[in-house]
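Numbering starts at 1 and runs along the sequence shown. Since we're looking at a predicted model, the values are computed, not measured.
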Amino acid sequence: FAAPIAYSFSSQLMIASGHERVSAEEVVGLGYYNLSKTRTNNLPGSKKELDLIRRYWEGEFVYDASRDDLLKNLNTNKILHVAVHGGTDTLSIFGSYLSFANKEGRELKVYSNQLHNEKTNSPLVVLSACQSGFGKSVKAVIQSLWRTDDDASVEIMGAFYRAMRIGEPPLMALYEARKKLVSKSDYKTAHPARWASFVYYGNLEERDSHPLFIMMALALAGLLFFLY
């Protein structure tokens with residue numbers, strides 16, 4: 001934890017992105033939790049995350065979100081938080097997906113290629129989903145690289161949004177949230193597998209842009225190939 005680390009999909013995007021702060025005042029939170037508890041694959045952590053975010057941020061929170069809820073909020077100027085099932089389908093050429101509920105309450109997978117041409121205006125998208133390999137078309141994104149521990153994710157996200165609410169830029173907020181989790185853990189629960197999956201891609205705020213604070217993922221394509 002010597003310094004926060006930010007990634008970019010290319011050096012050109014890093015240079016072009018500039019140094020922008022997230023100026024949004026509200027959050028759109030999308031979850032995967034049926035309040036009637038009739039769904040067998042509910043995500044309890046999804047509900048906990050949205051409940052925590054609501055303590056610090058105003059906005060719209062949809063606990064049992066659908067694909068339409070995602071599409072109608074992609075072009076918002078609010079922070080978009082997506083806490084649903086996600087993963088990589090090894091049997092599909094489209095790879096990464098997010099899972100939402102359809103009208104019958106069944107799981108509906110939304111693949112990355114289905115969102116490729118969608119306009120995204122949100123200053124920050126947080127993908128709190130297992131192996132959520134999305135986000136290339138947004139200004140800034142926080143996503144997970146592997147299957148995450150529910151309790152750790154809830155704690156990290158709560159601390160992250162609390163830090164953002166008091167003025168920290170996303171990169172520093174994520175850094176502080178992860179550091180806080182580790183500081184409260186013992187030698188078993190401090191394992192990086194619990195907290196290191198969440199990474200930040202995108203714009204940097206000027207005070208974060210010291211060379212010691214930046215690691216550019218120029219080999220990202222190789223990493224994604226390895227993961228998927």
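Between R194 and S185 the shortest side-chain heavy-atom distance falls below 4.5 Å. L127 is listed as a side-chain neighbour of L98, based on a closest heavy-atom distance under 4.5 Å.
Residues S66 and D69 bring a donor and an acceptor atom of their side chains to less than 3.5 Å of each other. Between the side chains of S128 and E49, a donor-acceptor pair is found at a separation under 3.5 Å.
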Take F100 and K109 through the test side chain to side chain contact (heavy atoms under 4.5 Å, CB included) and record every step on the way to the result.
CA-CA 6 Å; F100 293 89; K109 292 181 179 179; over 6 Å; no
Which is it for E176 and R162 under the salt bridge (charged side-chain N to carboxylate O under 4.0 Å, His left out) test, yes or no, and what are the steps along the way?
CA-CA 10 Å; E176 294 295 339; R162 182 166 57 249; over 6 Å; no
Check step by step if side chain to side chain contact (heavy atoms under 4.5 Å, CB included) holds for V27 and F61.
CA-CA 8 Å; V27 173; F61 297 89; 4.2 Å; yes
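Aromatic pair Y161/H81: ring centres closer than 6.0 Å.
In the hydrophobic clustering of this structure, V126 does not group with I166; members are Ile, Leu, Val, Met, Phe, Trp, Tyr whose side-chain heavy atoms approach within less than 4.5 Å, directly or through other members. The hydrophobic clustering, which links ILVMFWY residues whose side-chain heavy atoms are closer than 4.5 Å, places V154 and Y63 apart.
A donor-acceptor pair is defined here as one N or O able to donate and one able to accept, closer than 3.5 Å; such a pair exists between the side chain of S183 and the backbone of K180. Between the side chain of S122 and the backbone N or O of K78 there is at least one donor-acceptor pair closer than 3.5 Å. The closest donor-acceptor contact from the side chain of N73 to the backbone of T76 lies at 3.5 Å or more, if one exists at all. In this structure a side-chain-to-backbone donor-acceptor pair under 3.5 Å is present from W195 to A190.
Ion pairing between D51 and R55 fails under the 4.0 Å rule for side-chain N and carboxylate O. At a threshold of 4.0 Å, the pair E155-K184 counts as salt-bridged, since one of the basic side-chain nitrogens sits closer than that to a carboxylate oxygen.
The distance from atom CG of L71 to atom CZ of R67, rounded to the nearest 0.5 Å, is 4.5 Å. With values rounded to the nearest 0.5 angstrom, I142 atom CD1 is found 7.5 Å from Y200 atom OH. Note that CG of D64 and CG of L43 are 10.5 Å apart. Values are rounded to the nearest 0.5 Å. We find the CG-OG1 distance between L80 and T120 to be 8.5 Å, quoted to the nearest 0.5 Å. The CZ atom of F160 sits 13.5 Å away from atom CG of L52, with the distance rounded to the nearest 0.5 Å. Interatomic distance, W57 CH2 to I79 CD1, rounded to the nearest 0.5 Å: 4.0 Å.
For A65 against L30, the heavy-atom pair with the smallest separation is CB-CB, 3.7 Å. For the pair L145 and Y201, the tightest heavy-atom approach, listed with the atom from each and the gap, is CD2-OH, 4.1 Å. Minimum interatomic distance between S46 and Y32 (heavy atoms only, all atoms of both residues): OG-N, 2.9 Å. Taking every heavy atom of both residues into account, P170 and L124 meet most closely at CG-CD2, 4.0 Å.
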